[in-house]
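Just below is one structure, and these are the notes that go with it.
Scope of the values below: all heavy atoms of this structure, side chains included, with no hydrogens, waters or symmetry mates. None of these values were measured; they are calculated from a predicted model. So that the names make sense, note that chain A is the first sequence line, chain B the second, and so on, each numbered from 1.
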Protein chains: 2
Amino acid sequence: MKAKNLSITIDGIDKKILRKLMEDARTPILEIARLVGISGAAIHQRLKKLEKSGLISGSQCIIDHKVLGYNTLAFVGVYLDKTMSHLDAVKLLKRIPEVLECHFTSGQWSLFVKVVSKNNAHLMHILNEDILTISGVLRTETFVSLDQQIDRQIQI
Amino acid sequence: MKAKNLSITIDGIDKKILRKLMEDARTPILEIARLVGISGAAIHQRLKKLEKSGLISGSQCIIDHKVLGYNTLAFVGVYLDKTMSHLDAVKLLKRIPEVLECHFTSGQWSLFVKVVSKNNAHLMHILNEDILTISGVLRTETFVSLDQQIDRQIQI
DNA sequence: AGTGAAAATTCCTGGCA
DNA sequence: TGCCAGGAATTTTCACT
């Protein structure tokens with residue numbers, strides 16, 4: 001079977017570079033070079049290629065919510081009135097800082113939202129005061145994540 | 001109102017450092033220093049403090065699934081037989097590379113899973129061949145993300 | 001694609017205000 | 001806390017293979 005002809009071809013060395021940077025984005029290029037066994041300059045140009053291809057879309061440092069006192073993670077299914085445009089609802093959801101993800105989904109809900117909060121009372125406040133007050137939001141269904149056991153990116 | 005006495009106190013400079021690194025984890029310290037208006041050494045010791053406090057739990061480069069051909073994102077609610085231990089189920093879910101998140105949730109489902117796949121056929125395969133074949137999994141409910149409009153970390 | 005070398009930049013530590 | 005200074009390390013580019 002022929003490989004799909006995307007704009008990038010990734011070999012074993014690229015994979016090693018990616019795996020290392022997915023684990024720690026601040027790993028020095030020279031350290032990767034030593035790990036992989038080729039020169040720093042080579043790693044450098046491979047990295048540029050990977051960035052240019054869009055495979056690496058950026059990097060970020062990860063903030064631990066819990067250290068900030070955000071101990072609750074929840075998913076919220078949102079039912080929208082058919083007169084409410086999804087995009088307008090999303091625009092208003094964006095203004096709620098605790099909303100981290102918002103998906104337009106197939107199935108029973110119009111929108112599906114991931115929310116963090118400090119505790120259950122805070123979550124209730126976000127639901128009642130912030131989300132349900134958006135005009136066009138009919139009702140919501142909430143699922144609290146009691147424990148997150150897997151959290152990762154796709155494996156390379 | 002008194003601020004909660006957590007183990008860290010974060011001032012405006014810390015926030016600027018964090019915001020920059022959340023946007024690009026590879027930003028040089030000296031660039032942040034110029035941005036903020038204090039010396040690199042000061043940024044350096046603040047960063048160490050932030051890492052030590054656990055607020056910064058790491059960094060990672062972000063891979064764009066779509067460039068790898070993973071075009072579908074879905075959420076799957078999993079119903080487990082009461083004889084099946086959640087932890088065993090999670091152990092088996094971990095072996096499915098397309099499973100990126102797994103939560104133990106309140107509500108109707110035992111587990112709630114985020115999955116990426118190349119297309120709908122691939123998603124069906126993951127559901128039928130990988131997830132439903134786990135012993136103890138009774139049935140699943142799937143919600144496909146047709147479009148993700150918000151994806152961010154908590155704002156500092 | 002990879003290498004080695006060189007220049008610019010950055011990291012990081014210690015001493016001091 | 002923050003700043004400065006300077007040696008070590010890293011990034012980045014370039015000519016060559």
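- Taking K16(A) as the reference, nothing meets the salt bridge (Lys or Arg N to Asp or Glu O under 4.0 Å) condition, with sequence neighbours excluded.
- Scored by the salt bridge (Lys or Arg N to Asp or Glu O under 4.0 Å) test, D130(A) finds no partners at all (sequence neighbours excluded).
- Among residues at least two apart or in separate chains, ring pair (Phe, Tyr, Trp, His ring centres under 6.0 Å) pairs with a member in residues 36-77 of chain A are F75(A)-F112(A), F75(A)-H103(B), F75(A)-F112(B).
- Nucleotides of DNA chain D with any atom under 4.0 Å from a heavy atom of chain B span, from 5' to 3', dT1(D) to dT11(D).
- Comment: K114(B) engages E101(A) in a salt bridge, judged by a side-chain N to carboxylate O separation of less than 4.0 angstrom.
- With sequence neighbours left out, the side chain to side chain donor-acceptor pair (under 3.5 Å) criterion links S135(A) to no other residue.
- Contact check, H44(B) against dC12(C): a side-chain N or O comes under 4.0 Å of OP1 or OP2.
- Listed by chain and residue number, T83(A) satisfy the side chain to side chain donor-acceptor pair (under 3.5 Å) test with D81(A) (two or more places apart in sequence, or in another chain).
- Every residue two or more places apart in sequence or in another chain that forms a side chain to side chain contact (heavy atoms under 4.5 Å, CB included) with E51(A) is listed here: L47(A), I56(A).
- In this structure, R19(A) CZ and T27(A) OG1 are separated by 14.0 Å, a value rounded to the nearest 0.5 Å.
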Restricting both atoms to N or O, compile the protein contacts to nucleotides 1-8 of chain C shorter than 3.5 Å, with distance only.
{"from": "dG2(C)", "atom 1": "OP1", "to": "R46(A)", "atom 2": "NE", "distance (Å)": "3.4"}
{"from": "dG2(C)", "atom 1": "OP1", "to": "R46(A)", "atom 2": "NH2", "distance (Å)": "2.7"}
{"from": "dG2(C)", "atom 1": "OP2", "to": "R46(A)", "atom 2": "NE", "distance (Å)": "2.9"}
{"from": "dG2(C)", "atom 1": "N7", "to": "Q45(A)", "atom 2": "NE2", "distance (Å)": "3.3"}
{"from": "dT3(C)", "atom 1": "OP2", "to": "S39(A)", "atom 2": "N", "distance (Å)": "2.7"}
{"from": "dT3(C)", "atom 1": "OP2", "to": "S39(A)", "atom 2": "OG", "distance (Å)": "2.9"}

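- Of the residues in residues 14-27 of chain B, none has a non-hydrogen atom less than 4.0 angstrom from any atom of DNA chain C.
- By the side chain to side chain donor-acceptor pair (under 3.5 Å) test, S59(B) pairs with D24(A), sequence neighbours left out.
- Between K118(A) and N71(A), the closest side-chain pair of non-hydrogen atoms is not below 4.5 Å.
- Atom C1' of nucleotide dC11(C) and atom CD1 of I29(B) are separated by 6 Å, given to the nearest angstrom.
- When the C1' atoms of four end pairs are superposed on the next four at each end of the helix from dA1(C)-dT17(D) to dA17(C)-dT1(D), using five pairs per end, the two resulting axes differ in direction by 30°, to 10°.
- For the pair E31(A) and R34(A), the salt-bridge criterion is not met [side-chain N within less than 4.0 Å of a carboxylate O].
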Would T72(A) and V144(A) count as a side-chain contact (heavy atoms from CB on, under 4.5 Å) if you check the C-alpha gap in whole Å, the side-chain angles of each, and the deciding distance to 0.1 Å?
-> CA-CA 7 Å; T72(A) 302; V144(A) 175; 4.1 Å; yes
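- Applying the salt bridge (Lys or Arg N to Asp or Glu O under 4.0 Å) test to R139(B) and every residue at least two apart in sequence or in another chain returns E141(B).
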